[in-house]
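Working notes, beginning with the structure itself.
Proteins get letters first, then strands, A, B, ... in listed order; numbering begins at 1 in each.
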There are 2 protein chains.
Amino acid sequence: MPDTPAVTARGPIARPAPLRQAVYDALTELIINGSLKPGQHLVEAELAEELGVSRQPIREALQRLHTAGWVDLRPSQGAFVHSPTTEECSQLLSVRALLETRSARDAARHATPLDVARLWELQRAGVTALAAGDARAIVEANADLHGHITLLSRNAVLAELIPQVDRRVRWYYMPIARPRGQDAWNEHALIIEAIADGDPDLAEELMRRHTRNTTDFYCQQIAAVTGSAGLPVDLP
Amino acid sequence: MPDTPAVTARGPIARPAPLRQAVYDALTELIINGSLKPGQHLVEAELAEELGVSRQPIREALQRLHTAGWVDLRPSQGAFVHSPTTEECSQLLSVRALLETRSARDAARHATPLDVARLWELQRAGVTALAAGDARAIVEANADLHGHITLLSRNAVLAELIPQVDRRVRWYYMPIARPRGQDAWNEHALIIEAIADGDPDLAEELMRRHTRNTTDFYCQQIAAVTGSAGLPVDLP
DNA sequence: CGATCGATGATTGCATACAGTATTCTGCAT
DNA sequence: ATGCAGAATACTGTATGCAATCATCGATCG
C-alpha cells in the first residue's frame, strides 16, 4: 500500500500543542532561571500581555504550577512564586534520595547495553559541562542523567514522580552545582558501571551514598551562608 | 478588645472557598465511588450543568485532576477518566510501599503520646468499620490511618506526595478491602505499637511487611479475576 | 456491497466581559 | 504627627460568547 507512505509509527501524530502547555513551560523556565523571584506576585493580566495570550491559558497553567509546587495559590489574592524554606529543601532532598535509590536499583535490573551506552553519553556531556564551568549546563546534565536512570527503572509512576521532586531540587541547589561537581560526576560513573553490570544491590548502595553526599554538602552550604544568599527563608 | 471576639487564632481566617476546589472534590468523589467510570469521556458542559457552575471552574479542576493522575487530557478532545493498567497498579503499590515505609520510620522518631492516642482512635474506627463489613468505610479508615502516620513523619514533602499515590491506590483496591481487612488491621496495631515505643527500625520493618502483604494480596486477586471485574485493562 | 469523501453536529480552546473582594491611597479627626 | 475611616483601584473569580477542531453520520463512487 503505497498510499500511506509518510506516516511511520512515531506515536500519536502531532496534535496542536495547547497554548497552556507553552505557558506552563515558559513560566517554569522563568522561575528556574530567576526571572521570577520567590515570593513575587504573579499578576495574571501582566503575564497574559507579556506572553501575548489571554488570561484563560495563564490560569490553567497556574493551576498546574500550583500542584507541581512551583507557585502558591492564595484564594482571592492570586499566585505567588513559591518560597522554599530550608526545612522544605532538606525534606525534598530526603525524598529524592529515597526515590532515586529505588530507581537505581530497578534500573540495574532492567537496563540494556543500549541504555547503558546512552548513560555514558550523558555522563560525558556532564563532564564536559563541568570542565567548561557552566553551572547552568552542569545542573541540566545532572538532571538529564538522573532522569534517564529514572526511565530505565521501567516504573512509570516513579518516572512521573521523581521529576516533580527533582526539578525543584535542581532549582534550589543551583548554587552548589559547581563546587561539588567533580565528586558528583565521579560517583555517577560508579553508578553507571553498577547498572551496566546489572548489580542492583551495588547500584542501590552507590546511589544511596551519592544522594547522601549531595544532601550533606547542600546542608553544609546552607549552614555556611544561612539566609544570606541563594535561599530566602520562610514567607510572612 | 471585645471588637474582635469570634476570631481565635486558627491560621488564616476563613477565605472564600474557591469554586474550583469544590468541583475538584466533587469529581474525585465521583470517580472514586464509580459514578464516573474509567475511560468515560467527561464533557465540560455536562459537568458544568450538573454541578451548577460555569465551564471555567470545571476546566481548572480538570487541570488539577490531570496532574494528580485522575483523568487523561487529550488535546482538542477533552478529559477522560484515567484507565489504570494492572502494570500501573503494581507500580503504584510499589512506590507507595517505599514512601510509607519511610514515613513509618520517621513517624516513630517524632510521634508524641498525643499523636499515638490519635492513631489508636483511628485504629478503633477501622476495626469498627471492619466489623460492620462496610468496604467503603474500611478503605476510608485505612486511608485515614496511613495518612496520619504520614503526618507524624513531620515531612511535608512526604505528606504531600503520599496522598497523590495513596488516593489512587485506594481507588484501585477497593474490591479487596474486605477480604484482607482482618490481617491488615492486625498489622496496623503492631505498627502503632512500634511507633508508640519510638522504635524506627521496627516500625519500618513492620510497615514494609504490611505493604508487601497488601501488594501480594492485591496481585493475587488481580491474577484470579484477570480482566474480568474491577479493573479495566489498557486503553485503545 | 464496501470504501472513501464530504457535510453536519458536538465539543474544546481561547478571548472577552462582568461581579465580588482585597489592597491601597487619601482625607480627616485625634 | 499618628491612627482610623472611607472611597477608589486593582486584581481575582466566574460567566458567557465565538472560532477552530474533531467525531459521527450519510451519500456517493468504485
Atom CG of B/Leu51 and atom P of D/dA15 are separated, to the nearest Å, by 11 Å

note: B/Glu49, atom CD; D/dT16, atom P; distance rounded to Å ~ 12 Å

Margin query: With a 4.5 Å cut-off on side-chain heavy atoms, are B/Leu92 and B/Glu87 touching?
Written below: no

Distance-only criterion, 3.5 Å: show the donor-acceptor pairs between side-chain atoms of residues 33-42 of chain B and protein atoms not counting sequence neighbours.
unit_1, atom_1, unit_2, atom_2, d
B/Asn33, OD1, B/Ser35, N, 2.9
B/Asn33, OD1, B/Ser35, OG, 2.8
B/Asn33, ND2, B/Glu29, O, 3.4
B/Lys37, NZ, B/Gly34, O, 2.9
B/Gln40, OE1, B/Lys37, N, 3.0
B/His41, NE2, B/Gln77, O, 3.1

Going by heavy atoms in the side chains, are A/Arg20 and B/Gln63 under 4.5 Å from each other? yes

Quick check: A/His146 with A/His188 (ring centres under 6.0 Å apart)? yes

For residues B/Gln164 and B/Glu160, is any side-chain donor paired with an opposing acceptor at under 3.5 Å?
no

B/S/- along nucleotides 5-14 of chain C (protein heavy atoms under 4.0 Å) is -------BBS

